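Below you'll find the structure, written out as structure tokens, and then a few comments.
This chain uses plain numbering: 1 for the first residue, then up along the sequence. If you're wondering where the values come from, they're calculated on a predicted model, not measured in any experiment.
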Amino acid sequence: MNAGARGEAALIEAMKARVPHLPSPDGPGDDGAIVGAGPARALTTDALIEGVHFLRAHPMGWLGHKALAVNLSDLAAMGASPEAFTVSAAVPGAMPFAAWEALSDGMGELARASGCVLAGGDVVRSPGPLMLNITAWGPLAGPRPLTRTGGEPGDLVMVAGPIGRSGAGLTEWLALTSPAADWSSAPLAAPSTALRAHLRPDPPLAAGPFALHAGAHAAMDLSDGLAIDLPRLARASGVHLVVDLDALPADPALPDASPDARVCGGEDYSLVALVSPDRASQFVDYGFAAIGHATAPAATPVSYLRAGRPTQLLTRPFIHFDTDTDAG
């Protein structure tokens, strides 16, 4: 059996079994790792690969923004602020230099806006697709990180940021462009809100540090969508999560999207937190919405309600490896 057929979780566990590592949050298992003996810092890394995470027609400036944004979202989910990052890129020889400049411009704009700097990296030639990998780090907003492991029965499941908007944008993008389209250095003219959310996401970077200060028990970045990420959060915290599909916050950008499609859409880069009910009002005032609650562990990590009754999702989320079971 080849490596990809074993699934993402199996690949990670095989490496952890063979490589020395610290337990989470100082090692693998959360949105980032905690490093440093003095003021602690969160560190995270993410890769984007042409043909898997983006098409060649993706506006390059927006791609540069997105490549950095997905990492800063992970830092925020641990209650950290961005400080610096490195970039490793495998660049096709045929990529126009203007496209590389546009990509760098987009990354630079977000770096300046978020207060972080480029610390180094590596650039090599790719015989195939464009590949970008960023490693980012920054100091925690408090003495401890915000992790996936502190949730308790009775906690509310609360989300900050749009749910399902990027997934709808992906559908729109695939209808607009062709996988064979060539490099694009210019941003799109008048993109829809959903399309922009997919191509140039703006994660709620202040929400994680707020949640840490406000006493959230646990949290994580919604990079793969609720249907994939909630089981990870539930397992890490040792709880069962009940999600009310009718409680998803209304989004004027998604007037016709079903709750199932919104839950299964990936790349939201929003934040989900487990919050004690006595602290919920602070989170609501900040902009979080309650969509469910935690109970004692059950046979499955997550269950869903529709019209107050147990239900199954009618849409399947995107999974990198078909054998993965994180969708619960």
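- Relative orientation of the F210 and Y286 rings is parallel, given thresholds of 30° and 60° on the angle between their planes.
- Using modelled atom types, no side-chain atom of T177 and backbone atom of W173 make a donor-acceptor pair closer than 3.5 Å.
- Taking the side chain as every heavy atom from C-beta outward, Y269 and S223 approach each other to under 4.5 Å.
- In this structure, V87 and F85 have side chains that are in contact, with non-hydrogen atoms separated by less than 4.5 Å.
- Side-chain atoms of D74 and T44 form a donor-acceptor pair, as typed in the model, at a separation below 3.5 Å.
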Side-chain polar contacts of residues 92-105 - donor-acceptor pairs under 3.5 angstrom, sequence neighbours left out - could you list them?
from, atom 1, to, atom 2, distance (Å)
S104, OG, W100, O, 2.9

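- Residues in residues 257-273 take part in these salt bridge (Lys or Arg N to Asp or Glu O under 4.0 Å) pairs, two or more places apart or across chains: K66-E267, D260-R306.
- Considering only heavy atoms from C-beta on, I49 stays 4.5 Å or farther from F54 through its side chain.
- Heavy atoms only, all atoms of each residue included: L72 and A136 are closest at CD2-CB, 4.4 Å.
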Counting only pairs under 3.5 Å, give me each side-chain donor-acceptor contact of residues 238-248, with atom names and distances, residues two or more places apart or in other chains.
from, atom 1, to, atom 2, distance (Å)
H240, ND1, T300, O, 2.6
H240, ND1, P301, O, 3.4
H240, NE2, S303, OG, 2.8
D244, OD1, D246, N, 3.0
D246, OD2, A307, N, 2.6

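- Nearest heavy-atom pair across G151 and L274 is CA-CD1, 3.7 Å.
- Within the 4.5 Å cutoff, side-chain heavy atoms of I163 are placed close to those of L222.
- Residues I291 and L226 have side chains in contact (heavy-atom distance under 4.5 Å, counting atoms from C-beta outward).
- The nearest pair of heavy atoms linking C116 to A84 is CB-N, 3.9 Å.
- One finds the CZ atom of R165 at 11.5 Å from the CZ atom of R196 (value rounded to the nearest 0.5 Å).
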| request: For S237 and E152, run side-chain hydrogen bond (donor to acceptor under 3.5 Å, both in side chains): C-alpha distance rounded to whole Å, both residues' side-chain angles, the deciding distance at 0.1 Å, then the answer. | output: CA-CA 7 Å; S237 282; E152 301 175 0; over 6 Å; no
| field | side-chain hydrogen bond (donor to acceptor under 3.5 Å, both in side chains) between N71 and T135, worked out | value | CA-CA 7 Å; N71 283 269; T135 297; over 6 Å; no
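- No side-chain heavy atom of V70 sits less than 4.5 Å from a side-chain heavy atom of I134.
- Here the closest heavy-atom approach between residue A219 and residue A77 is recorded as CB-O, 4.1 Å.
- Proximity of a side-chain donor or acceptor of D229 to a complementary backbone N or O of D224 within less than 3.5 Å is detected.
- Contact of the L140 side chain with the R41 side chain is not registered, since no non-hydrogen atoms from C-beta on lie closer than 4.5 Å.
- Listed here is the closest heavy atom pair of A194 and L254: CB-CD2, 4.4 Å.
- Side-chain contact between W62 and P191 is present, with at least one heavy-atom pair separated by less than 4.5 Å.
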